[in-house]
Amino acid sequence: IASIEIPRGGWTDLISTLLTALSPDNAATEPQKIASLETIGYVCDSVDPQFLEAQSNDILTGVVACMQLGQTSERVRQVATNALLNSLEFCGANFARDGERHIIMQVICEATQSTDQLTAVAALQCLVKIAALYYDFLEEYMGAALFAITLSAMSSPVDEVAMQGIEFWTSVCDEEINLTIELQESSTENPPERVSKHYSLGALEAIIPPICQLIAKQEEDEDEDEWTVSKSATICLTRLANACGNATVDHVMNFVSPNIANASWQARDASILAFGAILEGPDSDKLLPIAKQAVPSFLGMLRDPSSVVRDSAAWIVGHMCDLVSGVVDEETLPAILEACFQSLDDEPRVAKNTCWSITSLVEVVHEDALNLHPELTELESYPLSSVFPQLIGKLLEVAARPDAHSSNLRVAVYESLNALVQHHAKDCYAVIQQLSVVFLQNLQSSLGIKVDGASDDTRHFTESQALLCASLAVSFRQLQREDVLKISDDAIQVLIMLLQQTHSASNVIEDALLCLSTTVELVELNMAKYLEVLKPIIMSALENHREYQVCGAAVGLVGDLFRVLAINMLPYCDDIMQHLLNNLADQQLDRSVKPQILSALSDIAAAIGPNFKAYLDSCLMVLQNASELAINPAPAEDHDLVEQLNELRDGILEAYNGILVALKGSVDDLGPLLPHVQHMVTFIGTITSDEMISDGNVRACLGLVGDMCVTFGGNFLHFLQSGFAIRLIQLGLESEEKPTKLTVKWCRKEIKKIMPDHV
Amino acid sequence: RVSEFKGRSRPAYDQAARRKLALQLQKQKRLQSHMLRRLGLDAE
């Protein structure tokens with residue numbers, strides 16, 4: 001009730017009423033005090049801190065009094081500590097005052113020593129939160145108390161206590177990593193207000209040994225998703241390595257080296273996890289020799305008697321490939337490949353990690369080979385060429401394993417296959433050609449199987465079908481057009497049958513539509529013969545607003561079809577346009593689909609040319625409304641919103657551009673467009689003055705301005721004189737992207753044609 | 001944080017990446033056709 005009432009300014013006496021029970025003058029019973037404190041805790045936890053700030057003094061006074069050692073029962077102290085934990089967020093002003101802060105820190109530090117485990121855990125949780133919220137005030141307490149308290153907590157036999165000791169340092173590191181980034185991003189003239197005090201670096205020597213020991217604290221059958229001391233310690237070490245860089249390496253290696261061959265599987269596993277934790281942060285130069293030396297040991301651990309160790313060993317191979325540049329070379333590659341081949345036969349969780357390692361390995365080997373030949377866009381051969389067919393064959397064998405549905409193994413296999421297809425050399429081409437046929441055959445044979453219900457089996461089956469569609473598309477993108485044409489009719493028919501099946505799951509429909517999009521680009525006019533049968537499928541997908549990603553994939557396919565088949569799409573245009581305009585107007589449809597629809601309008605207009613005038617009025621109205629919405633800037637700190645807005649702006653600009661292209665040939669047809677030119681110019685002007693403008697926006701604006709110069713010629717002159725184009729050209733010239741550079745060059749040329757003195 | 005452990009945050013079934021790629025490719029093709037047309041205009 002409070003979470004509804006308090007933000008609206010209601011229930012103003014709630015907190016004071018609850019605090020009355022805590023007053024020393026009040027004869028409240030212990031259960032009443034506990035109930036009041038619990039309620040304060042819940043209220044503080046669920047009400048936005050800004051609405052409680054005004055009462056922070058009273059809340060803190062009441063709560064802290066109940067935490068004083070010897071003043072109350074241990075149970076009251078425990079509940080009060082929890083209430084304080086939930087109050088910390090709105091105590092900024094109190095923390096800034098030395099006297100108040102000292103009292104708060106003192107009662108918390110005392111509570112960490114409580115013999116009552118729940119009180120001690122809650123007090124340690126307070127310290128974890130304070131490290132994140134009030135890092136700048138830690139200095140007085142770090143050396144005097146916090147270091148010793150958290151180190152001692154780590155040695156507690158009680159997991160919950162040890163975990164909070166670890167979490168404190170993770171929290172400190174998170175803060176220090178952010179402060180270091182802020183410092184790096186600032187300039188000397190404008191240094192950041194807050195700086196890292198490097199507490200983690202100072203504590204490194206003392207805390208790494210216990211943290212490494214805690215990584216080894218594992219049980220045999222732990223749940224993967226359970227948060228444990230071992231996982232907490234591993235993540236803490238990852239953060240320490242990020243915050244302290246090279247300084248972590250030697251301390252961690254002092255633990256890793258002797259434990260790789262330890263008799264206890266927990267210690268062996270911890271040595272892998274600890275090494276994996278420090279791969280991000282220290283310099284590659286420091287890590288590379290150690291990593292290369294460790295490769296044989298880790299590969300040997302892929303045959304460890306413990307499956308937990310094998311799981312970690314399979315993970316670290318890929319993790320090293322990802323993070324330690326140069327670890328894969330002609331010396332290590334054969335051994336890594338051999339070990340991976342064997343591990344693919346291991347139990348699903350190990351085989352899955354091996355697949356991820358293969359995926360990373362393939363990407364690295366391909367990239368390294370390309371770096372050796374910067375003049376090439378495609379490699380004739382590369383170090384995986386000799387094993388390419390065997391590797392593909394082995395992965396297909398694993399995908400067919402009866403237990404491939406466990407631990408997401410099959411998904412990982414397909415991702416590895418996709419990585420191999422995308423990162424191949426020319427001498428592997430024939431294998432990819434054969435593989436595309438295998439994908440198609442597998443998809444074909446899945447058609448007859450009908451699965452019902454929401455069981456795991458159904459999910460695994462539909463995932464496989466969706467993956468096959470995706471892999472088919474990946475292989476098509478790597479094949480020559482003439483080779484795709486050899487199987488494209490079969491592929492399109494299978495995809496259509498899949499889409500016609502009423503029981504097909506939405507992820508299958510989406511991936512099948514995406515695969516058709518890829519295929520359309522390759523088969524071009526050969527697609528025309530499928531339009532009749534595709535039409536109801538596309539319409540139904542466009543109407544699928546609930547599974548909006550299906551709708552989005554159908555919108556994408558519509559755009560592709562129009563771009564490729566151009567005027568051949570005219571007979572279908574009325575129905576499709578009606579659906580698209582309805583979708584644009586539908587407030588319920590997810591907003592991520594709207595920019596895609598606007599872009600599709602661009603494809604449609606450009607494809608059907610002057611025929612588009614039938615839809616002109618309704619489209620211009622939609623575009624005017626959309627651009628009025630898209631003029632308001634998004635808050636710079638909300639990256640998602642900025643991205644969404646830029647996509648919407650891209651879509652609007654593309655749609656206007658498509659319409660311009662469609663009508664440019666006929667002066668009469670341009671008439672309805674003229675009243676909108678001022679609006680388009682204002683829209684471009686607003687976008688170019690937004691600091692969060694994307695490169696795509698700049699390019700689309702430049703394209704539209706250039707096309708307006710071409711279309712309206714001298715009539716566009718007075719719009720240009722308003723000066724908006726100067727900033728736009730400037731943005732274009734600053735771009736690093738080649739297509740934008742080309743577009744700005746072309747746009748300037750078109751501007752100069754009608755305004756020769758333009759700079 | 002449990003998803004960070006041993007790279008578990010890596011998406012097992014990465015349909016989002018495929019969506020993003022499809023959109024990128026469509027944007028590229030659209031841009032390509034505009035560029036070709038503009039270069040054609042330029043040549044004229």
Side-chain angles (χ1 to χ4, degrees), chain A residues 170 224-227 231-232 234-235 238 273 276 311-312 315-316 318-319 322 352-353 356 408 411-412 415 463 466-467 470 473 477 507 510-511 514 517-518 521 549 552-553 556 559-560 563-564 596 599 602-603 606 647 650 654 657-658 661 696 699 703 706-707 710 739 742-743 746 749-750, chain B:
Chain A
T170 307
E224 275 197 12
D225 296 325
E226 192 189 342
W227 189 236
K231 287 179 185 138
S232 171
T234 308
I235 298 299
T238 310
L273 295 176
D311 180 286
S312 298
W315 161 74
I316 196 137
H319 198 49
D322 282 340
K352 175 200 69 181
N353 279 355
W356 289 126
N408 276 323
V411 181
E415 293 293 351
E463 256 178 26
L467 281 163
R477 278 199 285 273
N507 56 347
E510 189 190 344
D511 270 316
L514 292 177
S517 272
T518 306
E521 298 285 352
Q549 275 131 347
D560 292 327
R563 229 173 23 254
V564 168
Q596 295 182 52
S599 301
S602 167
D603 295 327
E647 278 169 11
D650 258 359
E654 284 180 347
N657 211 168
V661 171
R699 194 165 50 229
D707 275 322
V710 173
L742 282 172
T743 313
W746 171 80
K749 210 185 271 178
E750 293 306 325
Chain B
R1 285 177 179 153
V2 76
S3 65
E4 284 181 52
F5 184 72
K6 274 201 233 176
R8 292 221 179 88
S9 55
R10 196 166 190 170
Y13 178 66
D14 206 352
Q15 207 160 16
R18 295 202 284 277
R19 266 172 220 141
K20 209 171 160 183
L21 180 67
L23 283 176
Q24 270 172 2
L25 291 173
Q26 279 155 356
K27 264 206 174 331
Q28 252 173 38
K29 295 277 173 191
R30 194 173 299 118
L31 179 69
Q32 222 168 39
S33 67
H34 279 310
M35 295 298 283
L36 282 173
R37 182 180 49 77
R38 285 168 191 156
L39 287 174
L41 282 173
D42 222 21
E44 277 172 35

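Just so we're on the same page: letters track the sequence lines, and every chain starts at 1.
In this structure the side chain of A/Leu742 never reaches within 4.5 angstrom of the side chain of A/Arg699, judged on heavy atoms. Between A/Lys352 and A/Asp311, every side-chain heavy-atom pair lies at or beyond the 4.5 Å cut-off. For the pair A/Gln596 and A/Glu647, the minimum side-chain heavy-atom distance is 4.5 Å or more.
Looking at A/Thr743, both its backbone and its side chain come within 4.5 Å of chain B, counting heavy atoms on both sides. Of the two parts of A/Ser517, only the side chain, counted from C-beta on, holds a non-hydrogen atom closer than 4.5 Å to a non-hydrogen atom of chain B. Looking at A/Leu273, the atoms closer than 4.5 Å to chain B (heavy atoms on both sides) all sit in the side chain, from C-beta outward. Residue contact with chain B, scored on non-hydrogen atoms closer than 4.5 Å, involves the backbone of A/Glu226 exclusively. Of the two parts of A/Ser602, only the side chain, counted from C-beta on, holds a non-hydrogen atom closer than 4.5 Å to a non-hydrogen atom of chain B.
The CD atom of A/Glu224 lies 9.5 Å from the CZ atom of B/Phe5; values are rounded to the nearest 0.5 Å. Between B/Gln15 atom CD and A/Asp511 atom CG the span is 4.5 Å, to the nearest 0.5 Å. Interatomic distance, B/Arg38 CZ to A/Asp707 CG, rounded to the nearest 0.5 Å: 4.5 Å.
The choice from A/Thr234, A/Ile316, A/Val661 that makes the most heavy-atom pairs within less than 4.5 Å of chain B is A/Val661. Per-residue heavy-atom pair counts under 4.5 Å with chain B were compared for A/Leu514, A/Thr238, A/Thr518, A/Asn353, and the maximum is reached by A/Leu514. When each of B/Met35, B/Arg19, B/Gln32 is checked for heavy-atom pairs under 4.5 Å with chain A, B/Arg19 comes out on top. Contact tally against chain B (heavy-atom pairs below 4.5 Å) for A/Gly556, A/Ser599, A/Gly559, A/Ala470: the top residue is A/Ser599. The residue among A/Gly658, A/Gly703, A/Gly276, A/Gly696 with the most heavy atom pairs within less than 4.5 Å of chain B is A/Gly703.
Nearest heavy atom pair, residue A/Glu415 against residue B/Arg18, reads OE2-NH1, 4.0 Å.
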